[in-house]
S.K.: 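Structure in structure tokens, see below.
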Amino acid sequence: MLTVFDHPLIKHKLTIMRKKETGTKDFRQNLDEIGGLMVYEVTRDLPLNEIPIETPLCQTIGYEMAKDVVIVPILRAGLGVVNGIQNLIPTARIAHIGMYRDEETLEPHPYFEKYPSNMDEAAVIIVDPMLATGGSSVAAIDMVKKQGATSIKLVCLVGAPEGVKVVEEAHPDVDIYLASLDDHLNEKGYIVPGLGDAGDRIFGTK
């Protein structure tokens with residue numbers, strides 16, 4: 001299932017990020033803030049356990065999350081989404097998937113993986129600012145499924161219809177969340193209108 005958020009704050013902050021004159025500091029800050037806004041809804045269906053607690057006035061029943069949350073950024077740009085989510089879920093564990101895209105074939109090439117031990121029991125949130133061709137997202141989902149993960153969501157800032165279709169066909173059981181579904185991919189595999197190279201803009205490497 002695809003969810004595209006229609007929220008004034010997200011639209012406002014994403015517009016700031018799209019502007020070519022926006023610097024690294026403001027780009028990162030707005031990415032953090034959008035990540036926090038999105039994860040509020042992404043986690044809406046997380047299961048809960050009832051627990052007895054005692055307030056200053058009486059005993060009552062409270063709630064705690066029934067599953068650990070594991071955030072899986074696709075390196076390197078995915079790291080830019082982690083802080084906004086972790087601010088709301090400070091107990092979340094963080095896995096890492098290192099992947100680069102061949103600039104000629106546009107195919108993803110994994111080079112690093114690191115996971116916590118409970119992937120099969122956790123609610124897994126794969127994060128990457130851009131869902132372009134879909135190749136990296138499909139590869140990352142393949143990789144976490146090999147670790148036993150069954151509860152998987154893909155959270156991206158900006159997506160192209162071509163990439164969404166690729167992920168939906170390869171993994172129909174994975175929900176996709178976007179701040180914006182953009183128009184198309186250009187001949188170089190970049191999202192249009194997009195926001196440029198997210199990794200370079202997050203880390204100031206260009």
S.K.: If Ile, Leu, Val, Met, Phe, Trp and Tyr residues are connected whenever their side-chain heavy atoms lie under 4.5 Å apart, and connections chain through other members, are I16 and L157 in the same group?
M.R.: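 Hydrophobic grouping puts I16 apart from L157.
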S.K.: Taking all non-hydrogen atoms of both residues into account, name the closest pair between G194 and R18 and its distance.
M.R.: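 Where G194 meets R18 most closely, the heavy atoms are O-NH1, 2.9 Å.
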S.K.: Can you see which heavy atom on L131 is nearest to which on S137, and at what distance?
M.R.: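 So the minimum-distance heavy-atom pair works out to CD1-OG, 3.4 Å.
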S.K.: Counting only heavy atoms not in H12 (residues, nucleotides, ligands), do more than 12 fall under 6.0 Å from its NE2?
M.R.: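 Result for NE2/H12: open.
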S.K.: Is it true that a side-chain atom of D197 and a backbone atom of D200 form a donor plus acceptor pair closer than 3.5 Å?
M.R.: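 A pair under 3.5 Å: yes.
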S.K.: Are I85 and V158 connected in the hydrophobic side-chain network, where two residues link if heavy atoms are under 4.5 Å apart?
M.R.: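 Same cluster: I85 reaches V158 through Ile, Leu, Val, Met, Phe, Trp or Tyr contacts under 4.5 Å.
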S.K.: If you take all heavy atoms of A198 and P129, which pair is closest and at what distance?
M.R.: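 Where A198 meets P129 most closely, the heavy atoms are CB-CB, 3.8 Å.
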S.K.: How far apart are the closest heavy atoms of I61 and P52, and which atoms are they?
M.R.: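 Heavy atoms of I61 and P52 come nearest at CD1-CA, 4.1 Å.
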S.K.: Do V70 and V174 belong together in a cluster built from hydrophobic side chains that touch within less than 4.5 Å?
M.R.: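 Yes, V70 connects to V174 through the hydrophobic network.
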S.K.: In this structure, would L46 and L154 fall into the same cluster of hydrophobic residues linked by side-chain contacts under 4.5 Å?
M.R.: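 No, it is not one cluster - the side chains of L46 and L154 are not joined through contacts under 4.5 Å.
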S.K.: About how many Å separate CD of E113 and CD1 of I97, when rounded to the nearest 0.5 Å?
M.R.: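 Here the interatomic distance stands at 6.0 Å.
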S.K.: Using a strict 4.0 Å threshold on nitrogen-to-oxygen distance, state whether K145 and D173 make a salt bridge.
M.R.: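 Yes.
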S.K.: Between E41 and R44, is there a side-chain N and carboxylate O pair less than 4.0 Å apart?
M.R.: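 Between R44 and E41 there is a salt bridge, with a charged N closer than 4.0 Å to a carboxylate O.
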S.K.: Can you measure from OG1 (T15) to CG (L195) and round to the nearest 0.5 angstrom?
M.R.: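 That separation rounds to 10.5 Å.
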S.K.: Any link between F5 and I125 through a network of hydrophobic side chains (Ile, Leu, Val, Met, Phe, Trp, Tyr) touching at under 4.5 Å?
M.R.: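 Linked within one cluster.
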S.K.: CG of D175 to NZ of K153: how many Å apart, nearest 0.5 Å?
M.R.: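 If we round to the nearest 0.5 Å, D175:CG and K153:NZ are 6.0 Å apart.
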S.K.: What distance separates L181 CG from C156 SG, expressed to the nearest 0.5 Å?
M.R.: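 Reported value, rounded in 0.5 Å steps: 11.5 Å.
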S.K.: Starting from I53 and following side-chain heavy-atom contacts under 4.5 Å between hydrophobic residues (I, L, V, M, F, W, Y), which residues can be reached?
M.R.: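 Besides I53, the hydrophobic cluster comprises I51, listed by chain and residue number.
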S.K.: Hey, is D128 close enough to R76 for a salt bridge, meaning N to O under 4.0 Å?
M.R.: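 Result for this pair is no, no salt bridge flagged.
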S.K.: Donor-acceptor check, side chain of N186 to backbone of Y190, threshold 3.5 angstrom: yes or no?
M.R.: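 Yes, the answer is positive, given that a donor and an acceptor are paired below the 3.5 Å cut-off.
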S.K.: Got a second to check how far L178's CG is from I176's CD1, nearest 0.5 Å?
M.R.: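 Spacing of CG (L178) from CD1 (I176) equals 7.0 Å.
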S.K.: Can you give me the closest heavy-atom contact between V4 and S180, atom names plus distance?
M.R.: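 Minimum heavy-atom contact is CG1-CA, 4.1 Å.
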S.K.: Verify the distance criterion only: is there a donor paired with an acceptor across the side chains of T22 and R201 at less than 3.5 Å?
M.R.: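 No.
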S.K.: Can you measure from OH (Y115) to CD1 (I94) and round to the nearest 0.5 angstrom?
M.R.: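 So the OH of Y115 and the CD1 of I94 are separated by 14.5 Å.
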